[in-house]
Colleague: 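So that we are looking at the same thing, I have put the structure below in structure tokens.
Just so we're clear, the structure is a prediction, and the values are computed from it rather than from any experiment. Below, all heavy atoms of this structure are taken into account, side chains as well, without hydrogens, waters or symmetry copies.
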Amino acid sequence: MANSISDETLEYVGILAKLELSEEEKAGAKKDMEQMLSYIDQLKELDTAQAEPLSHAFATENVFREDVVANTDGHEATLLNAPEKKGRCFTVPNTFR
């Protein structure tokens with residue numbers, strides 16, 4: 001296999017990831033890492049000369065709404081959710097006596 005991972009490299013990666021792997025887990029991790037490197041080599045073979053560079057995998061656009069000046073503080077809509085109210089305020093149980 002062109003992409004072989006040495007035992008020292010695997011041990012070093014395990015230390016960086018703070019993993020304690022059994023011998024069985026090390027063998028599986030080594031195989032997985034070699035497969036990942038082989039896949040990366042396949043991706044390197046692709047012709048990307050005509051591909052446009054992207055900052056994200058999906059097209060992004062501004063999803064923010066326009067700022068609209070309004071002459072209200074929204075207290076009426078907020079007080080609709082109040083279980084109890086007095087005037088323009090929420091009524092809550094006393095916390096200090």
Side-chain angles (χ1 to χ4, degrees):
M1 189 173 247
N3 295 307
S4 62
I5 302 291
S6 69
D7 292 334
E8 293 81 22
T9 301
L10 185 62
E11 191 70 33
Y12 181 66
V13 170
I15 291 169
L16 290 176
K18 298 185 183 204
L19 297 174
E20 292 182 24
L21 302 174
S22 67
E23 291 303 317
E24 188 176 288
E25 291 171 324
K26 285 181 184 179
K30 187 173 184 176
K31 180 182 172 193
D32 289 344
M33 290 174 75
E34 289 171 349
Q35 287 176 345
M36 284 186 260
L37 290 174
S38 295
Y39 184 68
I40 291 170
D41 285 343
Q42 283 182 337
L43 292 176
K44 286 181 183 178
E45 294 173 8
L46 294 174
D47 179 21
T48 58
Q50 302 300 319
E52 208 175 300
L54 299 173
S55 61
H56 298 283
F58 301 102
T60 58
E61 59 187 63
N62 187 356
V63 295
F64 299 110
R65 64 170 173 78
E66 291 293 321
D67 286 335
V68 178
V69 177
N71 291 331
T72 180
D73 61 1
H75 70 275
E76 289 97 2
T78 304
L79 285 174
L80 290 174
N81 296 320
E84 293 183 41
K85 58 187 171 193
K86 181 177 182 183
R88 294 180 55 174
C89 301
F90 287 97
T91 303
V92 296
N94 289 336
T95 55
F96 295 102
R97 291 189 187 239

Colleague: Under 4.5 Å between side-chain heavy atoms, chaining through other members, with only Ile, Leu, Val, Met, Phe, Trp and Tyr counted: pull out the rest of the cluster around Leu21, sorted by chain and number.
Modeller: Leu19
Colleague: Rounded at 0.5 Å granularity, tell me how far OG1 in Thr48 sits from CG in Leu43.
Modeller: 10.5 Å
Colleague: With rounding to the nearest 0.5 Å, note down the distance linking OG1 in Thr78 to NZ in Lys85.
Modeller: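 That separation rounds to 11.0 Å.
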Colleague: Would you say Met36 and Asn3 make side-chain contact, with heavy atoms under 4.5 Å?
Modeller: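 SC-SC contact between Met36 and Asn3 ruled out.
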Colleague: Are Tyr12 and Ile5 in one and the same hydrophobic cluster, where Ile, Leu, Val, Met, Phe, Trp and Tyr link if side-chain heavy atoms are under 4.5 Å apart?
Modeller: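 Per the 4.5 Å side-chain linkage, Tyr12 and Ile5 are not co-clustered.
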Colleague: Under 4.5 Å between side-chain heavy atoms, counting indirect links through other Ile/Leu/Val/Met/Phe/Trp/Tyr residues: same cluster for Leu10 and Ile15 or not?
Modeller: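 In one cluster with Leu10: Ile15, no.
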Colleague: Nearest 0.5 Å please: distance from the NZ atom of Lys86 over to the OG1 atom of Thr91.
Modeller: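 Lys86 atom NZ to Thr91 atom OG1 measures 7.0 Å (nearest 0.5 Å).
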Colleague: Return the set of residues passing side chain to side chain contact (heavy atoms under 4.5 Å, CB included) with Ala27 (not counting sequence neighbours), or none when no residue passes.
Modeller: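 Listed in chain order: nothing, the list is empty.
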Colleague: Using modelled atom types and a 3.5 Å cut-off, is there a donor and acceptor pairing between side-chain atoms of Ser38 and backbone atoms of Glu34?
Modeller: yes
Colleague: Taking only residues at least two apart or on different chains, which pairs with a member in residues 6-18 satisfy salt bridge (charged side-chain N to carboxylate O under 4.0 Å, His left out)?
Modeller: Asp7-Lys30, Glu11-Lys26
Colleague: Between the side chain of Ser6 and the main-chain N/O of Thr9, is any donor-acceptor distance below 3.5 Å?
Modeller: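 Confirmed, Ser6 side chain pairs with Thr9 backbone.
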Colleague: How far does SG of Cys89 sit from NE2 of His75, to the nearest 0.5 angstrom?
Modeller: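 So the SG of Cys89 and the NE2 of His75 are separated by 9.5 Å.
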Colleague: For Ala49, is there any backbone N or O sitting under 3.5 Å from a side-chain donor or acceptor partner on Asp47?
Modeller: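 It does hold such a pair.
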Colleague: As an exercise, state the distance from CG of Leu46 to NZ of Lys44, rounded to the nearest 0.5 Å.
Modeller: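 One finds 12.0 Å between CG of Leu46 and NZ of Lys44.
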